[in-house]
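Working notes for the structure below.
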Amino acid sequence: QVQLVESGGGLVQAGGSLRLSCAASGRTFSRYCMGWFRQAPGKEREFVAAIDWSGGRSYYADSVKGRFTISRDNAKNTVYLQMNSLKPEDTAVYYCAARDTLGVVIRSREYDYWGQGTQVTVSS
């Protein structure tokens, strides 16, 4: 089992920045693909970003490309999502997820473990 705990959410004005963290415990973190997803009220959960086990490959949704950066520190069992130039449409609950694979996964149904989520609210 892998336990994931997100932190770093909050209220920020448009144009501001936040850094989300996801701390993992349990099995070997370094072999897991890690992803960030978000879900706004009344909408389906959507892919935000993902990173492979080594940190060498990452993918982003078009809506966040150039503004968000995913990274990981395997020594700390933590994955991060740096969010810059935030927009009101970025408001959502953000979830991190893990899958035991060497590749990069962007489909939510392929992830095995999920955190409880952290709220991000961007005011205009």
Side-chain angles (χ1 to χ4, degrees):
Q1 279 284 36
V2 175
Q3 292 79 42
L4 304 173
V5 179
E6 302 97 333
S7 61
L11 173 64
V12 64
Q13 288 188 334
S17 298
L18 283 174
R19 188 175 82 154
L20 305 183
S21 299
C22 174
S25 61
R27 291 188 172 180
T28 306
F29 172 78
S30 61
R31 74 186 197 196
Y32 280 76
C33 167
M34 300 298 296
W36 285 98
F37 293 78
R38 66 187 182 186
Q39 188 167 19
K43 296 187 177 181
E44 293 187 354
R45 189 172 298 186
E46 65 174 359
F47 169 75
V48 175
I51 190 167
D52 76 345
W53 68 276
S54 69
R57 285 188 294 162
S58 57
Y59 288 92
Y60 297 90
D62 288 342
S63 58
V64 307
K65 204 171 291 184
R67 300 188 297 122
F68 291 10
T69 303
I70 188 171
S71 62
R72 66 189 297 160
D73 186 337
N74 287 343
K76 295 183 178 179
N77 284 9
T78 302
V79 63
Y80 305 97
L81 186 68
Q82 178 66 45
M83 305 186 296
N84 299 328
S85 302
L86 282 161
K87 304 175 181 180
E89 51 263 45
D90 294 318
T91 295
V93 177
Y94 284 70
Y95 299 89
C96 73
R99 177 179 170 88
D100 187 356
T101 181
L102 296 179
V104 181
V105 178
I106 64 172
R107 286 184 288 268
S108 61
R109 64 177 181 270
E110 296 185 24
Y111 279 87
D112 301 312
Y113 304 101
W114 291 85
Q116 83 290 346
T118 185
Q119 176 71 47
V120 171
T121 303
V122 184
S123 63
S124 57

Do [X] and [Y] come close enough that some side-chain heavy atom pair is under 4.5 Å?
X	Y	result
Q1	Y113	yes
W53	T101	no
R45	W114	yes
L11	Q119	no
L4	Y95	no

**Message:** Could you check whether K65 pairs with D62 (Lys NZ or Arg NE/NH1/NH2 to Asp/Glu carboxylate O, under 4.0 Å)?
**Reply:** yes
**Asked** Honestly curious: do W36 and Y80 fall in one hydrophobic cluster under the side-chain, below-4.5 Å linking rule?
**Response** no
**Request:** Answer with yes or no whether the hydrophobic clustering places V105 together with Y59; edges join I, L, V, M, F, W, Y residues whose side-chain heavy atoms lie under 4.5 Å apart.
**Result:** yes
Ignoring hydrogens, what is the shortest heavy-atom contact between [X] and [Y]? Give both atom names and the distance.
X	Y	value
R67	L86	NH1-CA, 3.9 Å
A98	Y32	CB-CD2, 3.8 Å
S21	T78	CB-CG2, 4.2 Å
D100	D112	N-OD2, 3.9 Å
L81	A49	CD1-CB, 4.2 Å
S85	S17	N-OG, 4.3 Å

**Asked** Are Y94 and R38 linked by a side-chain donor-acceptor pair shorter than 3.5 Å?
**Response** yes
**Prompt:** In Å, rounded to the nearest 0.5 Å, how long is the span from CE of M83 to CZ of R19?
**Reply:** 11.5 Å
**Asked** Could you state the interatomic distance from OG (S30) to CG (D73), rounded to the nearest 0.5 Å?
**Response** 11.5 Å
**Item:** Side-chain donor/acceptor of E6 to backbone N/O of C96, under 3.5 Å
**Value:** yes
**Message:** In this structure, is the centre-to-centre distance between the rings of F37 and Y111 below 6.0 Å?
**Reply:** yes
